[in-house]
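Keep in mind it's a predicted model, so treat the numbers as computed, not measured.
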Amino acid sequence: MSFLNIRGKMIHCLNCDNLVTIEYVGGNVQTQIGDASVMQQRELNEEFMPADYDFKNEGYYYHDGAICKDCIKDIQQNDDNYLLVDSDYIVFHYLEAVHNIMDHISRLPYSLYSEYLNNLTENTLKQINEELFAEIINTKTFGLKKEKKRLSQMFVEKSKEEINKSYKDFIKNSNEYKQLKKEGRVLSEKYEEKVIENLDFEGPIYRKINYMDTNNLNPYIVAETTVRVPLEVIGNTEFYEEAVEINKKSVLALFKNKSKFTLNNHEARKSIDYKYKGLNKKIVNEMFKMSFWK
């Protein structure tokens with residue numbers, strides 16, 4: 001249900017009838033846009049496409065709204081205190097890059113969850129809580145099959161903090177995490193000084209839409225099935241995203257935030273807490289399979 005056969009994209013002005021049509025490479029292709037978007041885009045196609053248009057064979061257009069250049073002055077009501085910028089405007093580019101890296105870091109507790117469990121060994125358990133593990137091994141009833149569950153549960157229950165730390169350390173030592181931290185460091189070194197130079201403007205900023213940018217049509221995931229590449233643009237109207245105002249204090253605070261590219265950023269902590277809830281039970285199950293019980 002989350003897939004719809006998409007052939008292109010139509011950008012409509014939110015203030016007039018101006019329109020630009022973008023045809024995608026591959027034409028009419030099943031694209032994963034999400035359940036809610038499927039319903040919305042079906043309705044928008046019924047509204048905007050001709051009555052005799054054959055959706056099944058021709059494919060749907062993904063309809064989106066923006067502001068055409070002609071309408072910006074009307075929206076601003078002749079107030080000249082606004083800024084038109086290119087799609088690669090450095091402030092937006094930096095903020096989006098920061099968000100992208102932080103988002104990838106916050107997903108690591110999900111993507112590395114199974115790998116952590118698959119790499120769980122007797123040695124890992126010793127590293128988590130060596131004293132308690134030795135106590136379990138030396139328990140008089142250790143060899144009894146019926147004791148496996150109780151002793152495993154006891155180990156996990158008494159090692160909650162140590163398990164949490166072990167899970168975090170596993171993520172921190174992963175190549176994915178190290179690469180993301182490196183990207184964050186390079187991003188800061190390359191852009192922060194230049195971004196500061198562009199923070200003095202106070203007012204609405206309209207960013208031009210680059211019609212040839214690759215489009216991810218799914219608001220929740222990025223995958224081969226969600227991304228489409230523009231092939232041809234029909235129409236020459238310049239479109240801009242709806243205006244935003246940059247909060248200089250917030251951007252400067254982001255610069256100073258030393259935890260933004262670490263597992264201590266807010267979203268990453270939430271992800272770890274969420275996955276940790278089921279981790280203890282999983283570890284108990286993994287302990288059952290280990291050879292030290294024999």
- Item | Flag side-chain contact, heavy atom, 4.5 Å: Val244 against Tyr206 | no

- Query: For the residue pair Phe239 and Tyr211, what are the closest heavy atoms and their distance?
  - Reply: N-OH, 3.0 Å

- Task: For Asn280 and Ile163, run side chain to side chain contact (heavy atoms under 4.5 Å, CB included): C-alpha distance rounded to whole Å, both residues' side-chain angles, the deciding distance at 0.1 Å, then the answer.
- Result: CA-CA 8 Å; Asn280 292 342; Ile163 289 171; 3.9 Å; yes

- Message: Checking Thr225 against Gln32: is there a side-chain donor and acceptor pair closer than 3.5 Å?
- Response: yes

- Query: Are Arg7 and Val29 close enough that some pair of their side-chain heavy atoms sits under 4.5 Å apart?
  - Reply: no

- Applying the 4.5 Å side-chain criterion to the ILVMFWY set and letting contacts propagate, would Phe3 and Val222 be lumped into a single cluster? no

- Query: Does a sphere of radius 6.0 Å around CD in Glu130 hold more than 12 heavy atoms from other residues, nucleotides or ligands, not counting ones at 6.0 Å or beyond?
  - Reply: no

- Message: If I take atom CD from residue Glu241 and atom CZ from residue Phe92, how far apart are they, to the nearest 0.5 angstrom?
- Response: 7.0 Å

- Message: So Ser152 and Phe155, do their side chains get closer than 4.5 Å, heavy atoms only?
- Response: no

- Item | Atom OH of Tyr110: over 12 foreign heavy atoms under 6.0 Å | yes

- Nearest heavy-atom neighbours spanning Ile209 and Ala66: CD1-CB, 3.7 Å

- Just grab all the ring pair (Phe, Tyr, Trp, His ring centres under 6.0 Å) pairs involving residues 26-47, residues at least two apart or on different chains. none

- Message: Are Val284 and Phe133 connected into the same hydrophobic cluster when the rule is that any two of I, L, V, M, F, W, Y join if their side-chain heavy atoms are below 4.5 Å apart?
- Response: yes

- Task: State, without any angle test, whether Asn57 and Asp54 hold a side-chain donor-acceptor pair at a distance under 3.5 Å.
- Result: yes

- Message: Between the side chains of Glu122 and Lys126, is the shortest nitrogen-to-carboxylate-oxygen separation below 4.0 Å, so that they form an ion pair?
- Response: yes

- Presence of salt bridge, Asp103 and Arg107, under 4.0 angstrom: yes

- Could you state the interatomic distance from CD (Glu183) to CZ (Phe261), rounded to the nearest 0.5 Å? 9.5 Å

- Query: Is there a side chain to side chain contact (heavy atoms under 4.5 Å, CB included) between Leu132 and Leu125 once you walk through the steps?
  - Reply: CA-CA 9 Å; Leu132 182 58; Leu125 298 177; over 6 Å; no

- Item | Nearest-0.5 Å distance that lies between atom NZ in Lys260 and atom CG in Asn265 | 10.5 Å

- Validation row: Asp64, Met10 side chains within 4.5 angstrom (heavy atoms): no

- Item | From CA spacing to verdict: salt bridge (Lys or Arg N to Asp or Glu O under 4.0 Å), Arg150, Glu147 | CA-CA 5 Å; Arg150 184 185 72 81; Glu147 285 289 275; 2.7 Å; yes

- Check whether any side-chain heavy atom of Leu151 lies under 4.5 Å from a side-chain heavy atom of Met154, and answer yes or no. yes

- Item | NZ/NE/NH1/NH2 to OD/OE distance under 4.0 Å, Asp200 and Lys248 | yes

- Item | Val91 with Ile101, same ILVMFWY side-chain cluster at under 4.5 Å | yes

- Atom CD of Glu157 and atom NZ of Lys160: how far apart are they, to the nearest 0.5 Å? 4.0 Å

- Minimum heavy-atom separation for Leu108 to Glu176, with atom names? CD2-CB, 3.8 Å

- Message: With side chain to side chain donor-acceptor pair (under 3.5 Å) as the criterion, how do Thr226 and Asn216 come out once you've worked through the C-alpha distance, each side chain's angles and the decisive distance to 0.1 Å?
- Response: CA-CA 6 Å; Thr226 70; Asn216 178 44; 2.6 Å; yes

- Check whether any side-chain heavy atom of Leu4 lies under 4.5 Å from a side-chain heavy atom of Arg42, and answer yes or no. yes

- Scan side-chain atoms only and decide if Ser188 and Glu192 contain a donor-acceptor pair under the 3.5 Å cut-off. yes

- Query: Going by atom types alone, do Ser259 and Asn257 pair a side-chain donor with an acceptor below 3.5 Å?
  - Reply: yes

- Message: For the aromatic rings, using the six-membered ring if either is Trp, is the centroid distance between Phe55 and Tyr61 under 6.0 Å?
- Response: no

- Judged by modelled atom types alone, do Arg207 and Ser87 share a side-chain donor-acceptor pair under 3.5 Å? no

- Do Thr31 and Asn5 come close enough that some side-chain heavy atom pair is under 4.5 Å? no

- Of the non-hydrogen atoms in Ser159 and Asn129, which two are nearest, and what is the gap between them? OG-ND2, 3.1 Å

- Note on the structure: Interatomic distance, CE@Met39 vs CG@Asp35, rounded to 0.5 Å, equals 9.0 Å

- Selection residues 169-201 - residue pairs positive for ring pair (Phe, Tyr, Trp, His ring centres under 6.0 Å), sequence neighbours left out: His93-Tyr191, Tyr116-Phe170

- Task: May I have the step-by-step check of side chain to side chain contact (heavy atoms under 4.5 Å, CB included) for Leu180 and Met102, ending in yes or no?
- Result: CA-CA 8 Å; Leu180 288 167; Met102 292 175 65; over 6 Å; no

- Message: Is the shortest side-chain heavy-atom distance between His99 and Glu267 below 4.5 Å?
- Response: no

- Query: Are side-chain N/O atoms of Asn28 and Tyr60 paired as donor and acceptor at under 3.5 Å?
  - Reply: no

- Query: If you group Ile, Leu, Val, Met, Phe, Trp and Tyr by side-chain heavy-atom gaps below 4.5 Å, do Leu199 and Leu95 land in one group?
  - Reply: yes

- Atom CD1 in Ile75, atom CG in Asp70: separation rounded to 0.5 Å? 11.0 Å

- Query: Closest approach of Glu286 and Leu117, non-hydrogen atoms and distance?
  - Reply: OE1-O, 3.9 Å

- Task: Write down the atom of Arg228, the atom of Ile6, and the distance for their closest heavy-atom approach.
- Result: NH1-O, 2.7 Å

- Message: Apply ring-ring contact (aromatic ring centres under 6.0 Å, His included) to residues Tyr240 and Tyr82 and explain how you reach the verdict.
- Response: CA-CA 13 Å; Tyr240 289 77; Tyr82 66 91; 9.4 Å; no

- Task: Test Tyr53 against Asn45 for side chain to side chain donor-acceptor pair (under 3.5 Å), laying out the working first.
- Result: CA-CA 9 Å; Tyr53 184 80; Asn45 275 268; over 6 Å; no

- Item | Lys/Arg N to Asp/Glu carboxylate O, Lys165 vs Glu162, below 4.0 Å | no

- So if you build clusters from Ile, Leu, Val, Met, Phe, Trp, Tyr with side-chain heavy-atom gaps below 4.5 Å, do Phe288 and Ile137 land together? yes

